[in-house]
Amino acid sequence: MRPQLVIGNKNYSSWSLRPWLAVRHAGIEFDEVRIALYTPEGTAQLRQLSPSGKAPVWREGECVVWDSLAICEYLAERMPTLWPSDAIARAIARSVSAEMHSGFTALRTHMTMNARARGRHVPMTPEIAAEIDRIETIWTDCRHRFGACGPWLFGAFSIADAMFAPVALRFVPYGVSRPGVVDDYVATLMADPHLQAWIADAKRESDVLEQFECGR
Ligand SMILES: N[C@@H](CCC(=O)N[C@@H](CS)C(=O)NCC(=O)O)C(=O)O
């Protein structure tokens, strides 16, 4: 049986997008199980499928891995090119991935990922601006130090790109633009065929979760 990646709504579930993008870039075959988040049926299904009751979860026979970054790490054991080969680059890639995984709460709360929305506006607070500044610093540092051999943060696609991909689906709908590395890297993400496929699926979803429709 093929492994399964259990994910939430493609329009809203940033945590689901991260391992989904990593596994697509790794070329590992898998079946996608999509759950309608925050519905009674979806919540019950997730409780059956995921030890944490949350998406994403990777299910492969007896091996059940939950939490986006843990799934990415598991995938990288099979496909080591998901992390940079150089030890220092790999350590930085892990650092920025962990920072994204554990931080950026203002962006998460006030600029929720919305793959199909455009033209949204939320007030720019000092907290949001500081997090965007930090993202710009991370992206600039990675691109300048490690990005010479390709368009991604560490040149070739890595888990760090998967971890930051949902930021593009925040910056585009809410009109966040900074000429230079930020806009260029968002363009790289938005041109990725796998991310395009995800967005196309999100546009086909009909469910609307009002609590995540910011800035209308
Ligand atoms: N830290 C977790 C977060 C997972 C998470 O919060 N998932 C959300 C969807 S994006 C979820 O399953 N929510 C459903 C619920 O809480 O009922 C990860 O990295 O995977």
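Numbers here are sequence positions counted from 1. Ligands are counted one by one from 1 in listed order, and the atoms in each one are counted from 1 as well.
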Can you check whether Thr43 has an N/O within less than 3.5 Å of an N/O in ligand 1?
-> no
Of the protein's non-hydrogen atoms, which lies at the shortest distance from atom 20 (O) of ligand 1, and what is that distance?
-> Ser68 N, 2.8 Å
Thr109 side chain to Thr105 backbone, donor-acceptor under 3.5 Å | yes
Look at atom 1 (N) of ligand 1 and find which of Asp67, Thr112, Ile71, Asn9 reaches it with the closest heavy atom.
-> Asp67
If you measure from each heavy atom of Gly8 to ligand 1, is any distance below 4.0 Å?
-> no
Distance-only, no hydrogens or angles: does the Asp86 side chain make a donor-acceptor pair with backbone N or O of Ala89 under 3.5 Å?
-> yes
For ligand 1, is there an N or O atom under 3.5 Å from any N or O atom of Tyr38?
-> yes
Heavy-atom count around Arg108 CZ within 6.0 Å, excluding the residue itself: above 12?
-> yes
Using the rule that two of Ile, Leu, Val, Met, Phe, Trp, Tyr join whenever any of their side-chain heavy atoms come within less than 4.5 Å, decide whether Trp20 and Leu46 are in one cluster.
-> no
Return yes when Leu37 approaches ligand 1 closer than 4.0 angstrom through a heavy atom, no otherwise.
-> yes
Run the salt-bridge test on Glu60 and Arg78 with the 4.0 Å N-O cut-off and return the result as yes or no.
-> yes
Answer yes or no for His101: is there a heavy-atom contact with ligand 1 below 4.0 Å?
-> yes
Which word best sums up how the rings of Trp152 and Phe157 line up, parallel for under 30°, tilted for 30 to 60°, or perpendicular for over 60°?
-> perpendicular
Contact (N/O only, under 3.5 Å) between Ser16 and ligand 1 = no
Among the heavy atoms of Trp66, does any lie under 4.0 Å from an atom of ligand 1?
-> no
Contact atoms of ligand 1, heavy-atom distance to Pro56 under 4.0 Å | 20 (O)
With distance as the sole test, does Trp198 use its side chain to make a donor-acceptor pair with the main-chain N or O of Lys10 at under 3.5 Å?
-> yes
